[in-house]
Participant: 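The structure's right below; bear with me while I get my questions together.
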Amino acid sequence: MGDGHAGEREREHVRVAVVGSGFGGLGAAVRLRREGVTDFVVLERADSVGGTWRDNDYPGCACDVPSHLYSFSFAPNPDWPRTFSGQPHIRAYLEHVADTFGLRPHLRLNTEVEMMRWDADELRWEIETSRGSFTADMVVSATGPLSDPKMPEIPGLASFPGKVFHSARWEHDYDLRGKRVAMIGTGASAIQIVPAIAPDVERLTLFQRTPPWVMPRTDRAISAGERWLHRQLPFTRAARRGLLWGIRELQVGAFTKHPGRLGLIESLAKANMARSIKDPALRAKLTPSYRIGCKRILLSSEYYPALARPNVDLVASGLKEIRGSVLVAADGTETEADAIVFGTGFHVTDMPIADRVVGDGGRTLAEEWKDGMQSLRGATAAGFPNWMTIIGPNTGLGNSSMILMIESQLSYMADYVRQLGLLTTNRPGGRTALAARPSAVHAWNRRVQDRMKRTVWNTGGCTSWYLDANGRNTTVWPGTTAEFRRETRSVDLAEYEVLRGREKGREPAPAPEAAGVPEVVTGAVSVGAEDGAA
């Protein structure tokens with residue numbers, strides 16, 4: 001920590017700054033403590049932990065991944081009440097993790113990151129927040145792709161006289177009972193909201209630009225006997241998790257290599273629809289024209305029955321404009337509403353945090369990624385030393401638990417911290433940084449994009465939030481979670497440039513000769529990848 005110096009207080013300095021306190025941020029904090037790193041902070045703009053499971057508290061909010069798979073392997077929960085957990089239970093689980101692993105002293109709540117700048121001379125990050133500034137040797141960005149809601153620009157929206165809000169910023173003080181409500185979008189949030197509010201509103205109109213594929217959600221209460229068994233015999237809990245994981249691993253090939261095999265799943269989805277939707281015209285509107293899996297397959301056993309209610313209307317067209325209290329669809333359909341709920345997703349491929357990260361060359365991460373996000377192993381970006389992201393480019397999943405991917409990235413982060421420590425210990429005399437080599441970043445992304453070409457996400461005939469503005473899939477991982485874990489087990493120093501800084505008042509210690517690898521001075525001192533690799 002910084003101390004008063006010559007009447008002038010230095011800025012606080014920490015070894016690691018973690019941004020965000022959802023699964024990624026709390027997981028990073030736990031792993032840092034396990035690595036013996038206690039000099040870190042977790043910066044959170046809200047007043048509590050939880051990330052997307054704090055922000056998304058709309059009616060009916062729940063997870064579409066089984067509970068025993070949607071939790072940390074190092075923090076198993078034998079007491080999940082349902083096979084698919086609701087938002088309150090997941091948020092409570094994250095609060096429990098923060099308490100159990102002693103993370104509260106590291107939390108800086110109500111602290112929003114305004115800017116992070118890399119200091120190439122000092123080899124550290126200068127971080128400005130809403131509650132002051134400090135410096136850090138390393139930044140772990142865990143803001144997540146589902147943190148900043150995306151609101152479409154609709155002509156006339158500003159003059160709408162009723163209530164308007166996004167599903168991730170639910171207005172709980174506004175009573176929807178007896179109101180005419182327009183729901184915009186048919187994604188994962190909308191198919192949970194529609195059944196939850198349909199019984200209470202006077203009329204619900206759903207604006208559907210593209211119909212989703214929906215499969216039944218086999219949710220049930222987990223019995224007291226099952227929970228007792230999981231508490232008393234932990235191997236039963238591990239076996240349950242392993243079975244859930246294994247089933248999903250076996251499904252990956254159909255998504256990534258053989259999309260044609262998904263035809264049977266389409267038939268099951270159509271049968272699921274037919275059980276609830278008897279009107280042939282409505283079934284036609286709800287039947288997608290793209291291959292199942294191209295967009296995320298949604299799980300709900302209540303969505304189709306809700307659409308069959310007499311007070312629910314489906315407009316099979318996107319919202320085009322608003323005239324007073326009248327919503328006009330692209331096909332000309334007009335609907336009068338008292339409230340509009342936008343279930344229009346998040347800034348995934350254009351994450352706002354990227355505008356607040358300034359790298360080695362003075363360019364923001366957003367500028368570096370203007371032609372599409374790309375990173376090394378989903379974690380580090382060229383030009384941004386000692387900066388790492390959790391749930392970075394091409395780490396998303398189409399059929400399994402993101403917690404598995406997060407834990408793989410935490411292993412990579414842990415080895416990154418170890419390597420920094422070893423390099424500093426072996427070569428005293430100043431700070432150390434690791435900078436992803438552009439060649440390594442490009443090579444990794446060529447591999448990922450080559451594999452992406454045959455996946456259902458690229459060939460299935462849909463436009464999804466997996467794709468960026470250039471039509472490039474920078475979101476999903478084209479393989480199994482086991483494969484990703486192998487790829488991120490440890491840091492390969494050959495993929496990084498090792499930067500050495502000078503301690504104040506002294507020259508850097510002389511470097512041992514690297515076999516055939518010359519040193520290159522770039523502001524700080526840079527050494528070849530082999531140097532310090534042992």
Side-chain angles (χ1 to χ4, degrees), residues 13-20 23-43 74 106 116 118-120 123-125 127 135-143 357 359-360 365 374-395 405-427 430-441 443-445 484-501 524 526-534:
H13 179 78
V14 294
R15 189 172 175 189
V16 182
V18 179
V19 186
F23 269 99
L26 295 182
V30 171
R31 194 59 188 265
L32 286 170
R33 285 183 62 92
R34 287 190 163 188
E35 291 297 317
V37 179
T38 57
D39 183 15
F40 69 88
V41 293
V42 179
L43 306 174
F74 55 78
H106 300 279
M116 295 184 283
W118 175 249
D119 185 332
L123 293 188
R124 64 186 183 185
W125 285 93
I127 304 172
T135 58
D137 293 333
M138 179 179 176
V139 169
V140 177
S141 178
T143 58
V357 184
D360 194 14
L365 187 61
Q374 56 177 325
S375 64
L376 176 58
R377 303 183 187 274
T380 56
F384 297 82
N386 283 13
W387 182 89
M388 180 173 292
T389 181
I390 306 296
I391 313 184
N394 291 113
T395 60
M405 301 296 279
I406 288 172
E407 289 201 35
S408 293
Q409 291 199 287
L410 296 183
S411 295
Y412 193 77
M413 177 203 73
D415 195 50
Y416 194 105
V417 171
R418 279 186 226 115
Q419 296 293 348
L420 283 176
L422 287 171
L423 288 165
T424 301
T425 301
N426 293 340
R427 293 172 56 92
R431 299 182 185 278
T432 306
L434 288 174
R437 294 181 181 275
S439 58
V441 174
W444 172 261
N445 281 274
F484 187 77
R485 177 150 296 192
R486 289 193 298 272
E487 295 282 8
T488 55
R489 193 177 304 278
S490 60
V491 171
D492 179 0
L493 283 181
E495 296 181 328
Y496 288 88
E497 184 179 11
V498 182
L499 307 179
R500 296 283 302 172
S526 169
V527 299
E530 288 83 359
D531 182 51

Participant: Is any side-chain heavy atom of L376 closer than 4.5 Å to one of Y496?
Facilitator: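 They are in contact (side-chain heavy atoms under 4.5 Å apart), so the answer is yes.
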Participant: Tell me, which pairs form a salt bridge (charged side-chain N to carboxylate O under 4.0 Å, His left out) where one or both residues lie in residues 410-426, sequence neighbours left out?
Facilitator: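 Output for this query lists E35-R418, D415-R418.
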Participant: Examine distances only and state if a side-chain atom of W125 and a backbone atom of V16 form a donor-acceptor pair shorter than 3.5 Å.
Facilitator: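 Here the side-chain-to-backbone pair does not exist.
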Participant: What's the shortest heavy-atom distance between P393 and S375, and which atoms?
Facilitator: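 Smallest interatomic distance, heavy atoms only, reads CD-OG, 3.4 Å.
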Participant: Does any part of the side chain of L434, heavy atoms only, come nearer than 4.5 Å to the side chain of L493, both counted from C-beta?
Facilitator: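 Yes, their side chains come closer than 4.5 Å.
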Participant: Any side-chain heavy atom of L32 sitting closer than 4.5 Å to one from V18?
Facilitator: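 Of all side-chain heavy-atom pairs linking V18 with L32, at least one is under 4.5 Å.
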Participant: Quick one, W387 and D360 - any side-chain contact, counting heavy atoms below 4.5 Å?
Facilitator: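 A side-chain contact is absent here, since even the closest heavy-atom pair is not under 4.5 Å.
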Participant: Examine distances only and state if a side-chain atom of Q409 and a backbone atom of G378 form a donor-acceptor pair shorter than 3.5 Å.
Facilitator: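 Present.
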Participant: Checking V498 against Q419 for the side-chain contact (heavy atoms from CB on, under 4.5 Å) test, could you report, in this order, the C-alpha distance in whole Å, the side-chain angles of both residues, the deciding distance, and whether it holds?
Facilitator: CA-CA 10 Å; V498 182; Q419 296 293 348; over 6 Å; no
Participant: Just wondering, do N386 and L499 contact through their side chains at under 4.5 Å, heavy atoms?
Facilitator: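 No, side chains not in contact.
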Participant: Roughly how far, to the nearest 0.5 Å, is the CD1 atom of I390 from the CG atom of L410?
Facilitator: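 Rounded to the nearest 0.5 Å, the CG-CD1 separation comes to 5.0 Å.
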Participant: Got a sec, which residues hit side chain to side chain donor-acceptor pair (under 3.5 Å) with D137, two or more places apart in sequence or on another chain?
Facilitator: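 Here the qualifying residues are H13, R431.
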Participant: Classify the side-chain pair Y416/T380 by whether it contains a donor and acceptor separated by less than 3.5 Å.
Facilitator: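 There is no such pair between these side chains.
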Participant: Can you name the nearest heavy-atom pair linking A28 to V140, along with the distance?
Facilitator: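 Looking at all heavy atoms of both residues, the shortest contact is CB-CG1, 4.2 Å.
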Participant: Looking at H106 and F40, would you say the former's side chain and the latter's main chain have a donor-acceptor pair under 3.5 Å?
Facilitator: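 Looks like yes, one N/O pair under 3.5 Å.
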Participant: Using 0.5 Å steps for rounding, measure from the CZ atom of R485 to the CD atom of E407.
Facilitator: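 Between atom CZ of R485 and atom CD of E407 there are 5.5 Å.
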